[in-house]
Amino acid sequence: MKDLFADLNEVQKQAVSTIEGPLMIIAGAGSGKTRVLTYRIAHLIDKGVDSFNILALTFTNKAAREMKERISLLIGGTEAKNLWMGTFHSVFARILRAEAIKLGFPSNFTIYDQQDCINVIKKIINELQLDTDIYKPKQVLGRISSYKNNLITVRAYFNNPELIQADTAAMRPKIGNIYQAYVERCFKSGAMDFDDLLLRTNELLTRFPESLAKYQDRFRYIMVDEYQDTNHSQYLIVKALASRFENICVVGDDAQSIYAFRGANIKNILNFKKDYPDAKIIPLEQNYRSTQIIVEAANEVIAKNRDQLEKNVWTQNPSGDKIPVYRALSDADEANYVASEIFSLKMSQQKKNKNFAILYRTNAQSRAIEEALRKKNISYKVFGGLSFYQRKEIKDLLAYLRVLVNPKDQEALLRIINYPARGIGDTTVNKLIVGADQQQKSLDEILNQIELLGNSLGINKPTIDKLANFWTMIKSFQVLLKTENVYEVAMKVAVTSGILKTLKEDDTPEGISRVENIQELLNSLQGFVDEQTQLDEGDSSLNFFLENIALASDLDSRDEHDDKVSLMTIHLAKGLEFPVVFIVGLEENLFPSQMSLNTRQELEEERRLFYVALTRAQEKAYFTYATTRFRWGKIVEGEPSRFLEEICEKHLEILNISFTNTIRNHSGLNSDLFADDFAPRYPKSSDPVYKKLKGQIKPPQNLKSISNAKLANPVGGSVANLKIGDYVLHDRFGKGKVVSIEGDPENAKALINFENEGDKKLLLKFAKLKVLG
DNA sequence: CTTCGGAATTTTTTT
DNA sequence: AATTCCGAAG
């Protein structure tokens, strides 16, 4: 066993060796937090603590896996095997599987992702005959989610006049009814959403003292990483579990709290000392990651925030390069600058692709950058955005698998009942739903007896047969599942259901890629089976596979051996580090986001986000912004982000025109700003409620948007005379050859064969093509 | 019941 | 620009 203390500084040693009682480690950016955590766990085990009694909650599953590996290396042997490590969601999902029956859920409950939730809410809003302009499904879900995260159940909601009052004041008095219907429907479907995984865990621990005792006894040592981003629900779980032994160690940095929008409560970390008056607090302030310039610049920005714990992050590292600031003329220009900078650093300093990260505020920004990197043949990987498992074809096949595991999963069932098309239309589906409602049965129970019940539901004979056939097919898959492994079953499903056949009929590039995606899903099932069967206590059930997917994040698939530039949102970059980091799109209304300018709290979160972004960089950071950018199908003008102003100029290397000349005076926030945390949100004037109630009120004009007509049409003479056989250059698709042209001159479309992208049909008016000579 | 095409709507961040 | 929604024709 290796000497655990040899490569730690004094403060880190203290943090590692304090193992009893409550402890809060305030870990500044780059201060060796992960090292402390791993060593601390290794130290615990070294001191004779059974790894079975340790619970460590991390932010991603991948972080957990890696930490576990490192611990195994430190202590050797298989001691670390029993460690329970993972995200809140995955750890408690596992516990809930074992305990679900107590809560009235089947142990094979489904986990609904956000899209599933939104679909359920949409249906409810329609059924209640409410207006989806006022009750926007996504917003409603956000509201429900925040209730759940604050442990406000439906009953608690209706018992709380203040909440009802707040929603009524916001012109949305029916939120409670939607909430109620939503919870009922999830329950009937045997489904939990992400928030339920935490809420129901709380329910389990409060309603069943014996369960509480069991897990308190098991988890004698608890560690929570990224504590600043826990929400109230998570906070209560931790508190309940830790209350017996109080061996609770939380690690976090209030300056890096960036998930308030999904309920994270920065007060959890700010109030730790109140919860545990005996708590030791150890600040880790020495940064080992970044150059002095980067650390100082980051400190300058974060200092503008009012709500924070005092700390002083410093470094002994070399001072390093100034941070270049590039002012781009457009998003494409910005992307090209980044790409050529990467190219030249690779040449001059032998850097690898994987040494670079490009960080942005919104996923949509990746497009322009991808294009620029492709042009320079720099290989990259985009994280986040629309993930593999959210693609339609994947969700379709997964829906079949979900129904096999949990036939009550209504969302999945409705998704596949007529896909591929088998003549079961909306009319029939509605009859089924109404029938199920009247008879107090679930859809699968109706389908089980469809031949008996169909007539009384007003379904005609041929349709009954179709339903019966469909259901027999599902049943046959279920039988198969008893003897065959999940890969074989999924394969069978893909073929027998007709999914593969339907997809193969489409031979457009998109269609072909859909088939490939299905293939990839099948491969990953195969991989899952192989992996799980090799493990001693592997679980190769379909149920477990689906759970893994539901809770997987895109980051979990990150492979350090892959030599690729990483593109991701700043949120996703939390906890990572890269030698060179580009922070792009530093413009007002983009970063800080337009949506975050209403309250001081929101603006401060954007600033923390900036802090996170900058502190990812080890050797060199770059800032870029664009004066015009393609957004929402329009060209929009932008001005430099206020965050650039907040950094002392001596740390910056202004590459072209000084932004300080162009910067406006940011008076700070928009109108009625200093809204309090819990003040009810009154609808803004742009809110549809106002339009509905008071007739057409003009929304505030976006001052910055320029009419499309002038700029987006640089066709000029050249493209107007486009002929078949011409070679053209497209902003995104690159070089291509014109195959055909159709339509009147005003709205002419051209079919173009692009070298890298295949055939595309483009409207010339918008395509911004350059004809190559 | 299905399919197709035009219209409307949309953009923050995610376990 | 891209996705989703909706209505009409088949």
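So you know, we letter chains A, B, ... as the sequences are listed, proteins then strands, and number each from 1. These figures come from a predicted structure and were not determined experimentally.
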Q: Measure from the side chain of A/R262, starting at C-beta and using heavy atoms only, and say which of B/dT15, B/dT12, B/dT3 lies closest.
A: B/dT15
Q: Please report the distance separating the P of C/dT4 from the corresponding atom of B/dT13, rounded so that it comes out in whole Å.
A: 15 Å
Q: Could you tell me whether the side-chain ring of A/F261 sits stacked on the base of B/dT14, using a centroid cut-off under 5.5 Å and a plane angle under 30°?
A: no
Q: Report the nucleotide, chosen from C/dT4, B/dC1, B/dT15, that has the shortest atom-to-atom distance to any side-chain atom of A/K122.
A: C/dT4
Q: Would you kindly compare A/F59 and A/T463 by the position of their nearest DNA chain B nucleotide and give the one closer to the 5′ end?
A: A/T463
Q: Atom CG of A/D133 to atom C1' of B/dT10: distance rounded to whole Å?
A: 12 Å
Q: Mind calculating the distance between NE2 (A/H89) and P (B/dT15) to the nearest angstrom?
A: 9 Å
Q: Quick check for you: among B/dT15, B/dT3, B/dT12, whose closest atom lies nearest to any side-chain atom of A/T87?
A: B/dT15
Q: Please work out which of the three classes, parallel, tilted or perpendicular, describes the rings of A/F261 and A/H571, given edges at 30° and 60°.
A: perpendicular
Q: Considering only the C1' atoms, how many Å lie between B/dT11 and C/dC6, rounded to the nearest integer?
A: 22 Å
Q: Could you tell me how far apart A/I570 (CD1) and B/dT14 (C1') are, to the nearest whole angstrom?
A: 14 Å
Q: NZ of A/K62 versus C1' of B/dT15: gap in Å, rounded?
A: 17 Å
Q: What's the closest nucleotide to the side chain of A/N418 if the choices are B/dT12, B/dT2, C/dA2?
A: B/dT2
Q: Report the distance from atom OG of A/S497 to atom OH of A/Y419, rounding to the nearest 0.5 Å.
A: 8.0 Å
Q: Atom CG of A/L567 and atom C1' of B/dT13: how far apart are they, to the nearest Å?
A: 16 Å
Q: A/F194 side chain: which of B/dT14, B/dT12, B/dT15 is closest?
A: B/dT15
Q: Assess A/R607 against A/F610: is NZ or CZ under 6.0 Å from the centre of the six-membered ring, and within 45 degrees of the ring's axis?
A: no
Q: Given C/dA2, B/dT10, B/dT14, identify the nucleotide with an atom nearest to the side chain of A/K136.
A: B/dT10
Q: For A/N363 and C/dT3, give me the distance from atom CG to atom P, rounded to whole Å.
A: 14 Å
Q: Which part of the nucleic acid does A/L197 contact within heavy-atom distance under 4.0 Å: base, sugar-phosphate only, or nothing?
A: nothing
Q: Figure out the CG/C1' separation between A/N119 and C/dT3, and round it to whole Å.
A: 14 Å
Q: Within the structure shown, what part of the strands sits under 4.0 Å from A/Q114 by heavy-atom distance: base, sugar-phosphate, or nothing?
A: base
Q: Between A/T428 and A/L572, name the one whose nearest nucleotide on DNA chain B is closer to the 5' end.
A: A/T428
Q: Could you please spell out the steps behind the side-chain contact (heavy atoms from CB on, under 4.5 Å) verdict for A/L398 and A/I549?
A: CA-CA 10 Å; A/L398 288 176; A/I549 310 190; 3.9 Å; yes
Q: Would you kindly check if the NZ (Lys) or CZ (Arg) of A/K381 is within the cone defined by 45 degrees around the ring axis of A/F383 and under 6.0 Å from the six-membered ring centre?
A: yes
